[in-house]
Amino acid sequence: MHRLSRVLLALLLLAGPLAAESLPAALAAPLLTVTGQIAHRNTGDAAVFDLAMLEAMPAQSFTTRTTWTDGAQHFTGVALRDLMTAVGASGSRLRATAINGYSVEIPAAGWREPVPIIAYRRNGEVMSLREHGPLWIVYPYDDAAEYRSAQAYSHSIWQLNRIAVLD
């Protein structure tokens with residue numbers, strides 16, 4: 001996608017729809033579906049995102065070690081906070097669910113900071129299912145003890161494909 005197109009898409013996603021409370025439609029295979037207490041949608045009662053839509057949002061990157069990979073890994077993705085802003089989330093918690101049905105609940109306080117991110121690239125490459133992808137909630141674990149806690153580790157769901165914003 002051309003840089004100008006990405007900039008325009010990012011503005012639409014973050015500024016929020018002006019009239020119809022909808023997001024632009026996903027044009028490629030959907031990676032993430034957000035439902036529940038959201039104000040902005042693009043498919044029925046859901047907000048569906050493809051890779052280009054996620055990449056059009058402001059990117060966050062960091063390098064960190066994880067307990068699930070060998071050595072330092074460079075992650076790039078969208079802050080969970082920015083995604084929740086884009087969909088107009090109003091709930092008090094969210095349920096993040098992986099492709100295999102595994103899910104975790106994250107309180108609203110857990111998405112009000114610049115981290116975690118929903119990573120869509122690891123070491124510059126799109127992640128396959130085998131590599132914990134295509135989406136993975138990650139923290140900069142090396143940066144602070146709070147990110148090396150049982151709570152942060154439990155929120156670090158890989159193969160993420162659904163988020164439900166709950167009351």
Engineer: Would you say the side chains of Gln73 and Asn123 form a donor-acceptor pair under 3.5 Å?
Structural biologist: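 Side-chain D/A pair, Gln73 to Asn123: present.
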Engineer: For residues Leu32 and Asn161, determine if any side-chain heavy atom of one lies less than 4.5 Å from a side-chain heavy atom of the other.
Structural biologist: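 They are not in side-chain contact.
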Engineer: How many angstroms lie between atom CZ of Arg41 and atom OG1 of Thr33, to the nearest 0.5 angstrom?
Structural biologist: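 So the gap between those two atoms works out to 13.5 Å.
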Engineer: If you measure from CG on Leu83 to CH2 on Trp111, what distance do you get to the nearest 0.5 Å?
Structural biologist: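 Rounded to the nearest 0.5 Å, the CG-CH2 separation comes to 10.5 Å.
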Engineer: Rounded to the nearest 0.5 Å, what separates atom OH in Tyr139 from atom CZ in Phe62?
Structural biologist: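 Answer rounded to 0.5 Å: 10.0 Å.
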Engineer: Kindly compute the distance separating OG1 (Thr35) from CG (Asp45), expressed to the nearest 0.5 Å.
Structural biologist: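 Answer for the OG1-CG pair, Thr35 versus Asp45, is 9.0 Å.
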Engineer: Side chain to side chain donor-acceptor pair (under 3.5 Å), that's the test. Do Glu146 and Ser149 meet it? Break it down for me.
Structural biologist: CA-CA 5 Å; Glu146 68 185 280; Ser149 67; over 6 Å; no
Engineer: Spell out, as yes or no, whether a donor-acceptor pair under 3.5 Å connects the side chain of Asp50 to the backbone of Ala29.
Structural biologist: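 Such a contact is absent between Asp50 side chain and Ala29 backbone.
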Engineer: Which heavy atom of Ala119 sits nearest a heavy atom of Val138, and at what distance?
Structural biologist: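 Where Ala119 meets Val138 most closely, the heavy atoms are CB-CG2, 3.9 Å.
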Engineer: Do Tyr153 and Trp68 have ring centroids that are under 6.0 Å from one another?
Structural biologist: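 Here the rings of Tyr153 and Trp68 have centres that are less than 6.0 Å from each other.
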Engineer: Can you give me the closest heavy-atom contact between Ala108 and Gly91, atom names plus distance?
Structural biologist: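 Ala108 and Gly91 have their closest heavy atoms at CB-O, 4.1 Å.
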Engineer: Can you find a pair of side-chain heavy atoms, one from Glu55 and one from Arg121, that are under 4.5 Å apart?
Structural biologist: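 Side chain of Glu55 against side chain of Arg121, heavy atoms only: contact under 4.5 Å found.
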Engineer: With side chain to side chain contact (heavy atoms under 4.5 Å, CB included) as the test, pick out the partner of Gln37 among Leu166, Leu94, Val165, Val87.
Structural biologist: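 Of Leu166, Leu94, Val165, Val87, side chain to side chain contact (heavy atoms under 4.5 Å, CB included) with Gln37 is met by Val165 alone.
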Engineer: Do the side chains of Ile118 and Ile163 get nearer than 4.5 Å, heavy atoms only?
Structural biologist: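 The answer is yes, as the side chains (C-beta and beyond) meet within the 4.5 Å cut-off.
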Engineer: Identify whether Val126 and Leu31 are in the same connected component of the hydrophobic contact network (ILVMFWY, side-chain heavy atoms under 4.5 Å).
Structural biologist: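 Val126 clusters together with Leu31.
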Engineer: Find out whether Leu51 and Tyr120 are in side-chain contact, i.e. whether some heavy atom of one side chain is under 4.5 Å from a heavy atom of the other.
Structural biologist: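 Sidechains of Tyr120 and Leu51: in contact.
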Engineer: Can you tell me how far CD of Glu113 sits from CG of Leu80, rounded to the nearest 0.5 angstrom?
Structural biologist: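 Interatomic distance, Leu80 CG to Glu113 CD, rounded to 0.5 Å: 11.5 Å.
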Engineer: Using every non-hydrogen atom in the two residues, find where His155 and Pro107 come nearest and quote the distance to one decimal.
Structural biologist: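 Shortest heavy-atom contact: CE1-CD, 4.0 Å.
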Engineer: Would you say the side chains of Gln151 and Ser154 form a donor-acceptor pair under 3.5 Å?
Structural biologist: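 There is no such pair (donor and acceptor under 3.5 Å, judged by atom type) between the side chains of Gln151 and Ser154.
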Engineer: Is it true that Tyr141 and Thr67 share a donor-acceptor pair across their side chains at a distance under 3.5 Å?
Structural biologist: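 Checked: Thr67/Tyr141 side chains show no N/O donor-acceptor pair below 3.5 Å.
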Engineer: What are the two closest non-hydrogen atoms of Val48 and Pro30, and how far apart are they?
Structural biologist: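 Closest pair (atom of Val48, atom of Pro30, distance): CG1-CB, 3.3 Å.
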Engineer: What I'd like to find out is whether the side chain of Gln60 reaches to under 4.5 Å of the side chain of Val115, using heavy atoms alone.
Structural biologist: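 No, side chains not in contact.
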Engineer: Evaluate the side-chain proximity of Val78 to Phe49: yes if any heavy-atom separation is below 4.5 Å, no if none is.
Structural biologist: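 They are not in contact (no side-chain heavy atoms under 4.5 Å apart), so the answer is no.
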Engineer: Under 4.5 Å between any side-chain heavy atoms of Pro116 and Ile137, yes or no?
Structural biologist: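 Heavy-atom side-chain distance check passes, below 4.5 Å.
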Engineer: When you compare the side chain of Trp136 with that of Arg122, does any pair of heavy atoms fall below 4.5 Å?
Structural biologist: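 Yes, their side chains come closer than 4.5 Å.
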Engineer: Once side-chain contact (heavy atoms from CB on, under 4.5 Å) is applied, do any residues pair with Asp70, and if so which ones, sequence neighbours excluded?
Structural biologist: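 Asp70 satisfies side-chain contact (heavy atoms from CB on, under 4.5 Å) with no other residue.
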Engineer: If I compare all heavy atoms of Asn42 with all of Ala25, which pair ends up nearest, and what's the gap?
Structural biologist: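 Closest heavy-atom pair between Asn42 and Ala25: ND2-CA, 4.0 Å.
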Engineer: Atom CD1 in Ile157, atom OG1 in Thr97: separation rounded to 0.5 Å?
Structural biologist: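 Separation between the atoms: 6.0 Å.
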Engineer: Looking at Thr69 and Arg65, would you say the former's side chain and the latter's main chain have a donor-acceptor pair under 3.5 Å?
Structural biologist: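 Not a single qualifying donor-acceptor pair exists.
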Engineer: Minimum heavy-atom separation for Ala86 to Met57, with atom names?
Structural biologist: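 Where Ala86 meets Met57 most closely, the heavy atoms are CB-CE, 3.6 Å.
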